[in-house]
Colleague: 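Dropping a structure here in structure tokens format, bear with me for questions.
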Amino acid sequence: MRWTQTFIPTMKETPEGAEIPSHVLMLRAGLITQVMAGAYTYLPLGLRALRKAERIVREEMDAAGAVELLMPAITPLSLWEQTGRVEAFGDVLITFSVRRQNRQVHIALGPTHEEVITDLIARHISSYRQMPITLYQIQTKFRNEERPRFGVLRTSEFIMKDAYSFDATVESLAGSYQKMYDAYCRIFDRCGLDYLAVEAESGPIGGDVSHEFMVPAENGEDRIVHCRDCGYAANLERAEIGARGNVPPDVPLEPVETVPTPGSTTIEQVSRLLGCRPEQMIKTLIYLADGQPVAVLIRGDHEANENKVRRALGATHLALADPETIERVTGAPVGFAGPVRLKQPIPIWADRDVEPLRNAVTGANQADAHLRNVNPGRDYQVEGYLDLRIAQHGDPCPRCSSQLALRHAIEVGHVFKLGTKYSEALSARFLDENEQLHPIIMGCYGIGINRIIAGLVETSHDEAGIIWPVALAPYEVEIVPLNVADEATRRLAGRLHQRLAAAGIEVLLDDRGVRAGVKFKDADLVGFPLRVVLGPRSLKEGKLEIKWRWEADAESIDLEEADQAIAELVRDERATANRFRQYAQRRGD
RNA sequence: CGGGGCGUGGCGCAGUCUGGCUAGCGCGCCUGCUUUGGGAGCAGGAGGUCCCGGGUUCGAAUCCCGGUGCCCCGACCA
């Protein structure tokens, strides 16, 4: 391809509103352009990168035995009503009605396709002999994001690879799940992404096991913990905390004392008023677990992890209690709850970090008052001490004796053991070998194709621009003739271009009649992996210059058979990605 | 959905507080000459509903009212 014949609107300046590197660089390099909040056009270069990511995903899904199909983006709203997800999605689900003759057809744009595929399977699979099977598609999804942001990382329309497995037994599901997990590792490896597979929260319904594939990045929306020593990694929503070796301080237990704290309902206000540190305070949260009130004690400087609480209580639904319930249970308005002398006897569970607290400060269960010198056993009893709080940077690792690091990350993939939620709701059942009817056991597996690109750019760039691995680069090689006014240069460049293209190399020829500096800047900005310069200096000596984007220096190679040498280099990098890996390694250190 | 910011040729911005000549600057674009290894120089030129609607005024990019779009922080995110 010739630069003058395609469409690459690069920009010298950063458009207003773009802040994070991936957004800035994708706009400036002419990969994307915004159409509205949360919707982008993929320009020719951006589309090429996207297609390459898609192809890697497709190849690995096929290799893992998954079978591709394509479902429609428009789906009947009734399907979503059957699974209760019209409410679950709320405004995120884009719905509309169209007229057909004398009736209204209610349509939802698919934000994901569990309903559609389960409905399909329900119609066509009825025997254990037809399973296991995994189906996938690469398709545009629609979610009306409350707040689209970060360029292409969070949009209302995006391309997703979504796969769904169907198994007769949980053992079989484990196999299907593992195949997808392994395929995901290969996919993100091939894309050159620096990723972590983290344990993820599977949510209150259906699933029991789930992993997310995360690209650690400053601007990621998710937060994960990672142990460098043993490799434990988990989404913050799920992250366990290791043994803390909490030993209560050897101090005399002071008598409980009620102190007035008018209007002070937060940890911060009370700690300031009473001159105590938040870590000396006990936060008492009243939850409704499947409708039953329960008290949860968390150290003042910590935060409750509601997923942990829900799991620990074996509840399906968990939510902070409403003010009326709190008042009924504690006898005080919101903000003054404590474990001592609750008005109504309810179970009290505490986080492990509450156990060693002595002479602590907590709510007095009466308006405008707190208690000092509260101690466990003497003043209140708990059902038990459990891991109930959100992990923090530096917390002990749950798997080894090391510490957890907290990092931001971009979620690029998610694998999920779904169970039978959708098969039950949509009657997708099969007969086993004993003629027993069971709901089909499902798994679902998503990859955000756009996020692969954005994640790569976000983590692989320098001041000058993007640094693509060959696997995702819009073009593998860019030929830069410095003086296109020179007939000989033009002819040489054209011939090289032709030969490389004929050799199956993805090559772009910058044939613009602009100054050398402009071409160099654009080459760095877009970030093609291999740059080939034909300039008067080296041409005189029968040489041309090649330079990998991530290397500082160029090297000269003979003009004679340069095409073969370059093709060989590119093929080698395609096969091994060794050079890019070395750069990524250096970058990581 | 709460809080904040912005909207002026294709892009980035000034001008708005304190209303007043023909709305300005840089980049980009077009023409010509010179130049040619890291975003060239000179000369000439094209390109504008100053986000939209209403109001105040002799006069509005500028003041007032309403709307709308975009961005950021937070809440939310199968």
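Per chain, numbering begins at 1; letters A, B, ... match sequence-line order. Nothing here was measured: the structure is a model prediction, and the numbers come from that model.
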Colleague: Measuring only the C1' atom in each nucleotide, how far is B:rG7 from B:rG12? A whole number of Å is fine.
Modeller: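 Looking at atom C1' only, B:rG7 and B:rG12 are 14 Å apart.
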Colleague: For A:Arg537 and B:rG37, is the shortest distance between a side-chain N/O and OP1 or OP2 below 4.0 Å?
Modeller: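 The answer is no; no side-chain N or O of A:Arg537 sits under 4.0 Å from OP1 or OP2.
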Colleague: Between B:rG4 and B:rA75, how far apart are the two C1' atoms, rounded to whole Å?
Modeller: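 It comes out at 15 Å once rounded to the nearest Å.
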Colleague: Where the side chain of A:Ala516 is defined as all heavy atoms beyond and including C-beta, which of B:rG37, B:rG39, B:rA75 is the nearest nucleotide?
Modeller: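 Nearest listed nucleotide: B:rG37.
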Colleague: Who does B:rG2 pair with, Watson-Crick or G-U, both distances under 3.5 Å?
Modeller: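 When the pairing criteria are applied, B:rC73 turns out to be the nucleotide that pairs with B:rG2.
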Colleague: Rounded to the nearest angstrom, tell me the gap between atom CG in A:Leu534 and atom C1' in B:rU36.
Modeller: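 Distance check: A:Leu534 CG to B:rU36 C1' gives 16 Å.
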Colleague: How far does the C1' atom of B:rG20 sit from the matching atom of B:rA61, given to the nearest Å?
Modeller: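 It works out to 13 Å between them.
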Colleague: Are the aromatic rings of A:Tyr184 and A:His414 close, with centres under 6.0 Å apart?
Modeller: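 Between A:Tyr184 and A:His414, the centre distance exceeds or equals 6.0 Å.
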Colleague: Return whichever of A:Pro536 or A:Arg143 has its heavy-atom-nearest nucleotide of RNA chain B closer to the 5' end.
Modeller: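 That would be A:Pro536.
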Colleague: Between A:Thr112 and A:Glu114, is the side chain to side chain donor-acceptor pair (under 3.5 Å) condition met? List the steps.
Modeller: CA-CA 6 Å; A:Thr112 173; A:Glu114 280 86 3; 2.7 Å; yes
Colleague: Look for any protein N or O under 3.5 Å of an N or O in nucleotides 2-6 of chain B and output each such pair with its distance, or none.
Modeller:
{"from": "B:rC6", "atom 1": "O2'", "to": "A:Glu16", "atom 2": "OE2", "distance (Å)": "2.9"}

Colleague: May I ask you to say what A:Ala37 touches in the nucleic acid, namely base, sugar-phosphate or nothing, with a heavy-atom cut-off under 4.0 Å?
Modeller: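 Answer is sugar-phosphate: A:Ala37 comes under 4.0 Å of backbone atoms only.
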Colleague: Is A:Thr489 touching bases, backbone alone, or none of the nucleic acid, heavy atoms closer than 4.0 Å?
Modeller: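 No contact at all - A:Thr489 keeps every heavy atom at 4.0 Å or more from the nucleic acid.
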Colleague: Would you mind pulling out the nucleotide paired to B:rA40, Watson-Crick or G-U wobble, both distances under 3.5 Å?
Modeller: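 In the structure as shown, B:rA40 has B:rU34 as its Watson-Crick or wobble partner.
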Colleague: Passes salt bridge (Lys or Arg N to Asp or Glu O under 4.0 Å), A:Asp553 versus A:Lys547? Steps please.
Modeller: CA-CA 6 Å; A:Asp553 301 313; A:Lys547 178 180 149 340; over 6 Å; no
Colleague: Taking a pair as Watson-Crick or G-U wobble with both distances under 3.5 Å, which nucleotide is matched to B:rC27?
Modeller: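 Base-paired to B:rG10.
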Colleague: Using the closest heavy atom to pick a nucleotide of RNA chain B for each, name whichever of A:Phe89 or A:Gln34 lands nearer the 5' end.
Modeller: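 On the 5' side of the pair lies A:Gln34.
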Colleague: Kindly point out which of B:rG37, B:rG12, B:rC70 is positioned nearest to the side chain of A:Met36?
Modeller: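 The nucleotide sitting nearest to the side chain is B:rC70.
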Colleague: What integer number of Å spans the P atoms of B:rC11 and B:rG67?
Modeller: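 Result for the P pair: 27 Å, nearest Å.
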Colleague: Could you check how far NZ of A:Lys547 sits from C1' of B:rG38, rounded to whole Å?
Modeller: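 In whole Å, B:rG38 C1' lies 11 Å from A:Lys547 NZ.
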Colleague: Looking only at side-chain atoms of A:Glu146, point me to the closest of B:rG26, B:rU35, B:rC76.
Modeller: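 It is B:rC76.
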Colleague: Between A:Gln269 (side chain only) and A:Thr266 (backbone N and O only), is there a donor and an acceptor less than 3.5 Å apart?
Modeller: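 Yes.
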Colleague: For A:Tyr445 and B:rA78, give me the distance from atom OH to atom P, rounded to whole Å.
Modeller: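 It is 19 Å, rounded to the nearest whole Å.
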Colleague: Heavy atoms from C-beta onward define the side chain here; which of B:rG74, B:rG26, B:rU36 lies closest to that of A:Arg515?
Modeller: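 Of B:rG74, B:rG26, B:rU36, B:rU36 is nearest to the side chain of A:Arg515.
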Colleague: If you check every side-chain atom of A:Arg531, which of B:rC70, B:rG74, B:rG38 has the closest atom?
Modeller: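 From the listed options, B:rG38 comes nearest.
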Colleague: When you get a sec, tell me which of B:rC72, B:rA78, B:rA40 is the closest nucleotide to the side chain of A:Glu19?
Modeller: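 Among B:rC72, B:rA78, B:rA40, the one nearest the side chain of A:Glu19 is B:rC72.
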Colleague: What nucleotide among B:rC11, B:rG38, B:rG39 has an atom nearest to a side-chain atom of A:Asp524?
Modeller: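 In terms of side-chain proximity for A:Asp524, the closest of B:rC11, B:rG38, B:rG39 is B:rG38.
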Colleague: Taking the minimum atom-to-atom distance to the side chain of A:Val533, which one of B:rG37, B:rC73, B:rC11 wins?
Modeller: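 Of B:rG37, B:rC73, B:rC11, B:rG37 is nearest to the side chain of A:Val533.
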Colleague: In whole angstrom, what separates A:Arg28's CZ from B:rG39's C1'?
Modeller: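 Answer to the nearest Å: 10 Å.
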Colleague: Could you tell me whether A:Glu545 contacts a base, only the sugar-phosphate backbone, or nothing, with contacts defined as non-hydrogen atoms closer than 4.0 Å?
Modeller: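 Base: the residue A:Glu545, judged by heavy atoms under 4.0 Å, touches a nucleobase.
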Colleague: For A:Tyr177, does the six-membered ring have the charged nitrogen or CZ of A:Lys417 within the cation-pi criterion, i.e. under 6.0 angstrom from the centroid and within 45° of the normal?
Modeller: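 Pair A:Lys417/A:Tyr177 counts as cation-pi.
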Colleague: Suppose you measure atom P in B:rC64 against the same atom in B:rG69; what distance do you get, rounded to whole Å?
Modeller: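 It comes out at 22 Å once rounded to the nearest Å.
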